[in-house]
Structures are given as structure tokens and as C-alpha cells.
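For clarity, every value in this text was computed on a predicted model and none was experimentally measured.
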Amino acid sequence: MALSCRELWREVSGYIDDSISPALRKQIELHLSYCRHCAAIVDGVHNIITLVADGRVYSLPAGFSARLHARLRKEL
Amino acid sequence: MRSASKLATATILETEAELISRILAGEPDLYHDLIAPYERMVYVSVLSILRNDEAAEDCAQEAFLEAYRHLDQFKGESKFGSWLVRVALNEAKMELRRMRPELYESLDKSMEHEDGDYVPQTLGDWREIPSEALERKEVAQLIQGAIDRLSPIYHQVVILRDVQGMSVADTAQALEVTEAVVKTRLVRARLQLRDLLAPVLKDSAVVSRQAFKKGKNPWR
């Protein structure tokens with residue numbers, strides 16, 4: 001049975017994380033081949049994950065490490 | 001590749017286990033080495049609760065001290081990193097309850113709306129990531145700003161899984177929820193982020209869907 005858009009949205013993380021069965025992956029890819037809306041969603045989510053994983057998002061404040069280790073040296 | 005990465009993980013776990021035994025046996029200075037890989041993870045985790053840079057730094061320091069005081073309670077049932085994040089999140093929740101009790105209450109309330117599907121917006125194609133996007137500071141700030149707009153339960157899961165690259169299993173252990181809950185929250189969080197960011201970021205070029213058809217992730 002063909003996968004609905006709503007069913008695909010629930011699986012979008014698993015599809016990108018490669019944690020779904022080959023059968024479900026095949027169904028998703030079939031759906032993506034004709035549904036432009038879901039294809040845009042999958043591409044968008046993938047791009048978001050790539051951007052969020054970049055180390056420059058949420059970098060440590062300058063001097064964080066030095067202050068932390070100075071305090072540990074004082075209190076350990 | 002995967003077996004090399006498993007080997008590396010096993011080596012890290014053995015090294016951590018050895019460091020912990022030596023610290024507990026009277027070599028406290030080794031604690032600096034033990035926690036060095038987790039500084040950002042702990043800071044960002046407490047930031048996800050406190051949402052304030054200064055408070056998060058103080059709380060992260062307290063969390064590292066608290067973890068040191070209770071290191072003998074770490075039994076190795078989960079990874080040290082997951083245990084440390086759990087200690088840090090508890091520390092941050094206690095701090096939030098002390099400083100902003102009204103926000104502490106809302107941490108639990110945000111869990112009431114987990115039923116039903118998240119319906120993503122209809123937006124134009126966004127096949128590729130702008131090539132210079134990652135080099136631009138304002139893009140990092142835009143992404144951070146969007147993550148900060150997520151409610152606490154989604155914020156935490158994105159921080160641990162997508163910012164820190166923790167596995168679903170480790171994220172579940174750190175947050176003390178099931179893997180199924182992590183997966184449900186993750187898909188909602190990622191769809192919300194896409195809805196928030198796609199309209200402002202979708203301009204041009206480098207990664208296509210072909211690149212992850214075989215399940216390639218940015219963390220691997």
C-alpha cells in the first residue's frame with residue numbers, strides 16, 4: 001500500500017538517520033519520486049541536520065575551558 | 001569504517017573506565033582529562049534548560065563538580081557522557097527551579113502536547129545548502145535562534161542528538177525517556193526547525209538528496 005504524506009513525515013528522521021527497514025525506505029523513495037511537497041520537506045530536514053551539526057553552532061564562550069579547569073583545580 | 005569507529009568507541013570507554021578507577025583511587029587531577037571531551041556537551045545541555053549564557057557557564061561548572069563528588073555512583077551501565085549529561089540536566093533543573101520557578105513549571109507543561117502529528121508547512125524546494133552558509137557567523141546565530149525557539153523537550157533532544165551527535169539510545173538515557181519518545185520528539189523538532197529556517201536559508205548550493213540516500217549523516 002502506498003505511503004501517505006502524513007506517514008512519511010513520521011518517518012522522516014528515521015529515513016535520514018538510516019534507522020528504518022529497507023522495505024520502508026523503498027516506500028519512502030517511491031513516494032518522494034512523485035510528491036514534490038514531501039521531497040522539499042525531506043531535503044529541508046536534511047539540510048537543517050547538516051547545519052545544526054556544524055561545530056560553530058553553540059560554541060563555548062571564550063575562556064570557558066580555562067575558567068572551568070581553574071575552578072576544578074581549586075575545588076578538587 | 002563502522003568497525004573502526006566501534007573500535008575507537010571501545011577504546012574511549014576503556015580509557016574512561018581506567019581514568020575513573022584511578023580518580024577514585026586518589027588521582028583527582030585525572031578528572032581534567034576525563035571531562036575534557038564533554039565540556040561543550042555539558043555547557044550546551046544546561047544552556048538548553050537555563051537559556052542564559054552566564055547562568056549556563058556557572059551551572060556547567062557546578063555540574064562538573066557535582067559529577068566529581070558522585071563519581072563513585074557511576075556504575076558504567078550507560079556511557080560516561082550520558083551519565084554526565086543527566087547530572088548536568090538535573091543540576092540545571094534545580095537551578096531553574098531556584099531562579100525561575102515559573103519556567104521550571106513550564107518544563108513539564110510542554111510535555112502535555114505530544115499527541116498528534118506535526119504538520120509541516122508547504123514551502124518551496126530547498127535542495128541544497130548555501131555553500132558559504134557554514135562560514136557565516138550570522139547563519140550559526142540564525143540556527144541557534146531557531147533552536148532556542150523550540151519548547152524545552154524539543155530543544156533538549158535537538159541539542160543532544162543533532163548538535164552533539166549523541167545516538168538515539170544515549171540521548172534517551174541522558175533524558176531518562178524511552179528511545180521511542182526521543183524519536184517522536186526528534187521528528188517534530190526537526191520539522192519545526194525546517195519550517196523556521198527554510199524560508200530564510202534556502203538560497204543556493206552544495207548537498208543534494210543523493211548525498212544521503214544511502215543514509216549518510218553529517219556525524220558519520
Side-chain angles (χ1 to χ4, degrees), chain A residues 4-22 24-26 28-33 35-76, chain B residues 28-29 31-32 35-36 39-40 43-44 47 53 57 60-61 64-65 68 117-120 122-129 133-135 137 139-140 143-144 147 158-159 162-163 165 168 183-184 186-187 190-191 193-195 197-198 201-202 207-209 211-219:
Chain A
S4 70
C5 293
R6 203 171 275 265
E7 284 167 328
L8 187 142
W9 303 336
R10 281 189 217 126
E11 304 296 341
V12 65
S13 270
Y15 174 66
I16 293 172
D17 289 349
D18 197 21
S19 62
I20 53 170
S21 67
L24 182 56
R25 171 168 289 272
K26 211 171 164 184
I28 290 176
E29 279 168 4
L30 175 68
H31 184 109
L32 294 176
S33 68
C35 179
R36 201 173 164 179
H37 176 54
C38 287
I41 290 166
V42 171
D43 286 336
V45 171
H46 179 259
N47 287 349
I48 291 300
I49 293 170
T50 305
L51 290 166
V52 167
D54 183 76
R56 278 160 286 199
V57 178
Y58 289 107
S59 51
L60 281 172
F64 175 93
S65 197
R67 289 189 293 276
L68 168 67
H69 290 279
R71 180 147 181 222
L72 291 176
R73 268 191 295 277
K74 210 168 126 190
E75 300 206 22
L76 291 190
Chain B
D29 285 351
Y31 190 61
H32 294 273
I35 61 159
E39 289 178 15
R40 178 170 174 259
Y43 171 74
V44 174
L47 186 64
D53 294 349
E57 178 165 349
Q61 290 185 3
F64 281 117
L65 285 166
Y68 176 78
D117 289 320
Y118 178 81
V119 179
T122 302
L123 301 164
D125 288 349
W126 185 27
R127 286 290 165 92
E128 295 161 334
I129 296 177
L134 297 168
E135 288 158 27
K137 204 176 169 186
V139 171
I143 295 166
Q144 205 166 311
I147 297 173
V158 163
I159 293 290
D162 289 340
V163 175
V168 169
K183 286 179 183 171
T184 306
L186 196 58
V187 76
R190 286 169 166 179
L191 288 170
L193 283 178
R194 175 259 179 189
D195 284 357
L197 287 166
L201 290 179
K202 63 181 182 79
V207 179
S208 74
R209 186 148 28 99
F212 66 94
K213 262 194 164 169
K214 290 176 186 162
K216 285 183 187 168
N217 291 336
W219 322 249

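B/R40 and A/L60 get closest at one heavy-atom pair: CA-CD2, 3.8 Å. In terms of heavy-atom proximity, A/I48 sits nearest to B/R194 at CG1-CA, 3.6 Å. Residue B/E39 comes nearest to A/S65 through the heavy atom pair OE1-OG, 2.7 Å, listed as atom of the first residue, atom of the second, then distance. Of all heavy-atom pairs spanning B/Y43 and A/S59, the tightest one is CE2-O, 4.3 Å. The two residues A/S13 and B/V187 come nearest to each other via the heavy atoms OG-CA, 3.4 Å.
Taking CD1 from B/I147 and CG from A/L51, the interatomic distance works out to 10.0 Å, rounded to the nearest 0.5 Å. With rounding to the nearest 0.5 angstrom, the NE2 atom of A/H69 is 10.0 Å from the OH atom of B/Y31. Atom NZ of B/K183 and atom CG of A/D17 lie 9.0 Å apart (nearest 0.5 Å).
For the set B/D29, B/L186, B/D53, B/V168, the count of heavy-atom pairs under 4.5 angstrom toward chain A peaks at B/L186.
The ring-ring contact (aromatic ring centres under 6.0 Å, His included) test applied to B/F64 returns no partner, not counting sequence neighbours.
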Apply side chain to side chain contact (heavy atoms under 4.5 Å, CB included) to B/I159 and A/Y58, showing your working. CA-CA 9 Å; B/I159 293 290; A/Y58 289 107; 3.6 Å; yes
Pair B/I35, A/L68 - check side chain to side chain contact (heavy atoms under 4.5 Å, CB included), show working. CA-CA 11 Å; B/I35 61 159; A/L68 168 67; 4.0 Å; yes
Apply side chain to side chain contact (heavy atoms under 4.5 Å, CB included) to B/L65 and A/L76, showing your working. CA-CA 8 Å; B/L65 285 166; A/L76 291 190; 4.3 Å; yes
